[in-house]
Peer 1: 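Here you go, one structure.
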Amino acid sequence: QVQLVESGGGLAQPGGSLRLSCTASGIISRLYTMGWYRQAPGKQREMVATITPSGTTTYESSVKDRFIISRDNNNDMIYLQMNSLKIEDTAVYYCNLGNTRWGQGTQVTVSS
């Protein structure tokens, strides 16, 4: 059974940092593009960042230069380093594998 489990969300102040982690099990995750998506209240889920098996990354324009996605294929994990956080980054963040599998989500709240 494929499972994606996120961790690392929480409360941060504007300008602060958080690091999200996602652990995949039940699948060889290094064969798939993985990514982070987010959904704010009343809004549609949107792509934040993706990373291919070879390490090519893409970012949503509002997070480029602030967020960094990375992966550890040996441990079936991906990460999202979030820097210079803004209030508008507040959302539930979801880990995705292959555009078909989703984690349960982790809440990120940016507030002063």
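We number each residue from 1, following the sequence as shown. No hydrogens, no waters, no symmetry mates; every other heavy atom, side chains included, goes into these values.
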Peer 1: With clusters defined by side-chain heavy atoms of hydrophobic residues (ILVMFWY) lying less than 4.5 Å apart, directly or transitively, does Tyr59 cluster with Trp36?
Peer 2: yes

Peer 1: Hydrophobic cluster membership, with links at side-chain heavy-atom distances under 4.5 Å among I/L/V/M/F/W/Y: are Leu20 and Met77 in one?
Peer 2: no

Peer 1: For Lys43 and Gln39, work out which heavy atoms get closest and say how close.
Peer 2: O-NE2, 3.1 Å

Peer 1: Leu18, Ile68: one ILVMFWY side-chain cluster at the under-4.5 Å cut-off?
Peer 2: yes

Peer 1: Is it the case that atom CZ in Arg66 sees more than 12 heavy atoms from other parts of the structure closer than 6.0 Å?
Peer 2: yes

Peer 1: Would you confirm whether Arg71, through its side chain, and Thr33, through its main-chain N or O, come within 3.5 Å as a donor-acceptor pair?
Peer 2: no

Peer 1: Do you know which two heavy atoms are closest between Ala24 and Ser29, and how far apart they sit?
Peer 2: CB-CB, 3.9 Å

Peer 1: With a 6.0 Å cut-off (strictly less than), is the heavy-atom count around CG of Leu31, excluding the residue itself, greater than 12?
Peer 2: yes

Peer 1: Taking Ile69 as the starting point, is it possible to reach Val63 by hopping between hydrophobic residues whose side chains are less than 4.5 Å apart?
Peer 2: yes

Peer 1: Are Ile51 and Tyr32 linked, directly or through intermediate hydrophobic residues, by side-chain heavy-atom contacts shorter than 4.5 Å (ILVMFWY only)?
Peer 2: yes

Peer 1: Is Asp72 reaching over with its side chain to a backbone N or O of Ile78, donor-acceptor style, under 3.5 angstrom?
Peer 2: no

Peer 1: Could you label the plane-to-plane angle of the Tyr94 and Trp102 rings as parallel, tilted or perpendicular, counting under 30° as parallel and over 60° as perpendicular?
Peer 2: perpendicular

Peer 1: Measure the spacing between CG of Leu80 and SG of Cys95 and express it to the nearest 0.5 Å.
Peer 2: 10.0 Å

Peer 1: Do Arg38 and Val108 come within less than 4.5 Å of each other through their side chains, counting heavy atoms only?
Peer 2: no

Peer 1: Please check if any side-chain donor atom of Ser111 sits under 3.5 Å from a side-chain acceptor atom of Thr109, or the reverse.
Peer 2: no

Peer 1: Without swapping roles, check the side chain of Thr90 against the backbone of Val110 for a donor-acceptor pair under 3.5 Å.
Peer 2: yes

Peer 1: Between Ala12 and Leu85, what is the shortest heavy-atom contact and its length?
Peer 2: CB-CD1, 3.7 Å

Peer 1: For residues Asn83 and Ser17, report the shortest heavy-atom separation together with the two atoms involved.
Peer 2: OD1-OG, 3.0 Å

Peer 1: Answer yes or no: is there a side-chain heavy-atom contact under 4.5 Å between Met82 and Val48?
Peer 2: no

Peer 1: How many angstroms lie between atom CD1 of Ile28 and atom CG of Asp76, to the nearest 0.5 angstrom?
Peer 2: 8.0 Å

Peer 1: Around atom CD of Glu88, are there more than 12 heavy atoms from other residues, nucleotides or ligands closer than 6.0 Å?
Peer 2: yes

Peer 1: Nearest 0.5 Å please: distance from the CE atom of Met34 over to the CG atom of Asn99.
Peer 2: 11.0 Å

Peer 1: Just how far is it from atom CD of Glu60 to atom OG1 of Thr50, taken to the nearest 0.5 Å?
Peer 2: 12.0 Å

Peer 1: Could you grab the distance from atom SG of Cys22 to atom CD of Gln3, nearest 0.5 Å is fine?
Peer 2: 10.5 Å

Peer 1: Examine distances only and state if a side-chain atom of Glu6 and a backbone atom of Gly105 form a donor-acceptor pair shorter than 3.5 Å.
Peer 2: yes

